[in-house]
Amino acid sequence: MGEIQIRGLVHEYTNPHTRAVVRALEGVDLTARDGEFVTVVGPSGCGKSTLLYLVAGLLRPSAGQILVDGRPVRGPGADRGMVFQDAAVLPWRTVRQNIGHGLEIQRVPPAQRETVVARFVALCGLSGFEDKYPHELSGGMRQRVAVARTLAVQPKVVLMDEPFAALDAQTRITLAEELLRITDQTRSTVLFVTHSVEEAVFLGDRVVVLSRRPGRVKREFPVPVPRSQRTYEAMVHGAEAEELRRAVFECIRGEVAEGASGTEGAVQPGPQPRGRWWRHRTVLGLLLLLLGAGAFEVASGAAAPAKIHPSLRAALAADPSAALEVRLAVPAEEFHVRALQRFGVLEGVQGDRIWLRDLRPDAVGRLARLYWVRGVAAREKP
Ligand SMILES: Nc1ncnc2c1ncn2[C@@H]1O[C@H](COP(=O)(O)OP(=O)(O)OP(=O)(O)O)[C@@H](O)[C@H]1O
Ligand SMILES: [Mg+2]
């Protein structure tokens, strides 16, 4: 239960306007065993987040295969939970409601839900804050709520994209220790992306180093200290851990250095400045662009009501957590998914359609104003 197999994974992003192609990943082969904690490090821009989005089913691979327990990933699913760098909590729900949210969607009976929520409140050190709203919490606590919310549904696979990056050093250490303890109990398989070699060695059963873009697995380092024996002190002062940190660091450094001497990823020099008249033209161009954008904003605001299908208001009146379908003008990209996640909970993505449920109170009107949203309707029964 929870084995991830990634074979020959390639991902290319295509700019819908210029058709320019960025190859983010090239032939990634990686297996995470059931219950294994795999940390992923690599130079910035090498495709770490892309890898997680692909396993989450938020993006479709250009080539290759991802299997979870032998079944191909075809879209997001309750068997995989994701924790983003910026805490993905619902600001209009309390700590208790946030942690229980996934269970609610799975229609777990209230009494059972309360038991699970209470367990994760305690595990994640949130006792006494159950009825607070996210804005009443510190950054570290919000991040704990996001972790608890993801783990409470006991997904087989947990995907974490630099979940502690925005926190101070002390909170990071505490949360890392807690995460070790919690995942040891839940036995989820974890893919954890981080920029910190210390964090990667402290948390992982195995540290995977990706090459610079296009990313592929450069090397894997098993961590010789069993998870049950890891205290922060032992990992900071232990000779084995120190040796491993040095090896991982050298491996990443090699990648960055090679990248800097080659042409890969190098920034092409822009045109040289051409004198004063040219600058006036640039300013005029920018002004026209701003005017155009303003007019566009007004036009898309005026067009918004027509984008909302009449069925939707009725569906939401009957059930405020009802799911809706957002149809886009272009095939959905990560940008669209992240933008729409601000309005409600992501249910699925397919082609130019994104499904959301449990919307924020004013979400429909604001959603419809987005110029790349073509229509919003009640989600039909699959
Ligand atoms: N939506 C997109 N459209 C085009 N290119 C993209 C898109 N998202 C990412 N990329 C490019 O793909 C490459 C990999 O991006 P990704 O975000 O996966 O890197 P990363 O390893 O997570 O970087 P970081 O460590 O800085 O978070 C980068 O070169 C990035 O510019
Ligand atoms: Mg990233």
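Note that ligands are numbered from 1 as they come in the structure, with each ligand's atoms numbered from 1 the same way. Quantities reported herein were computed from a predicted structural model and do not represent experimental measurements. Any value given below was found using the heavy atoms of this structure, including those in side chains, with hydrogens, waters and symmetry copies removed.
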Check your understanding: With the threshold set at 4.0 Å, does a side-chain nitrogen-carboxylate oxygen contact exist between Glu12 and Arg23?
Key -> yes
**Study point:** Residue Arg7 excluded, over 12 heavy atoms near CZ under 6.0 Å
**Key:** yes
Check your understanding: Which of the atoms in ligand 1, numbered in the order shown and given with their element, are less than 4.0 Å from a heavy-atom of Ser49?
Key -> 17 (O), 18 (O), 20 (P), 22 (O)
Study note, to complete from the structure: Looking only at non-hydrogen atoms, the one of Glu12, His11, Arg213, Lys48 nearest atom 21 (O) of ligand 1 is Lys48
**Study point:** Any N/O pair Ala24/ligand 1 closer than 3.5 Å
**Key:** no
Review point. What orientation do His11 and Tyr13 show, parallel under 30°, tilted 30 to 60°, or perpendicular over 60°?
Key: perpendicular
Review point. Which of the atoms of ligand 1 are close to Gly45, meaning less than 4.0 Å from one of its heavy atoms?
Key: 13 (C), 14 (C), 19 (O), 20 (P), 21 (O), 23 (O), 24 (P), 25 (O), 26 (O), 28 (C), 29 (O)
Practice item. Distance to 0.1 Å, residue and atom name: give those for the protein heavy atom nearest to atom 2 (C) of ligand 1. Key: Tyr13 CD2, 3.3 Å
Exercise for review: State plainly whether the residues Arg327 and Asp352 are in salt-bridge range, i.e. N to O under 4.0 Å.
Suggested key: no
Study note, to complete from the structure: Per-atom filter on ligand 1: closer than 4.0 angstrom to a heavy atom of His195 are 25 (O)
**Study point:** Test: Lys48 and Asp161 ion pair at under 4.0 Å
**Key:** no
Practice item. Note the single closest protein heavy atom to atom 15 (O) of ligand 1, along with its residue, its atom name and the distance in Å. Key: Thr50 OG1, 3.8 Å
Review point. Are any of the N/O atoms in Val22 less than 3.5 Å from those in ligand 1?
Key: no
Point to revise | Is_contact(atom 6 (C) of ligand 1), protein non-hydrogen, under 4.0 Å | key: yes
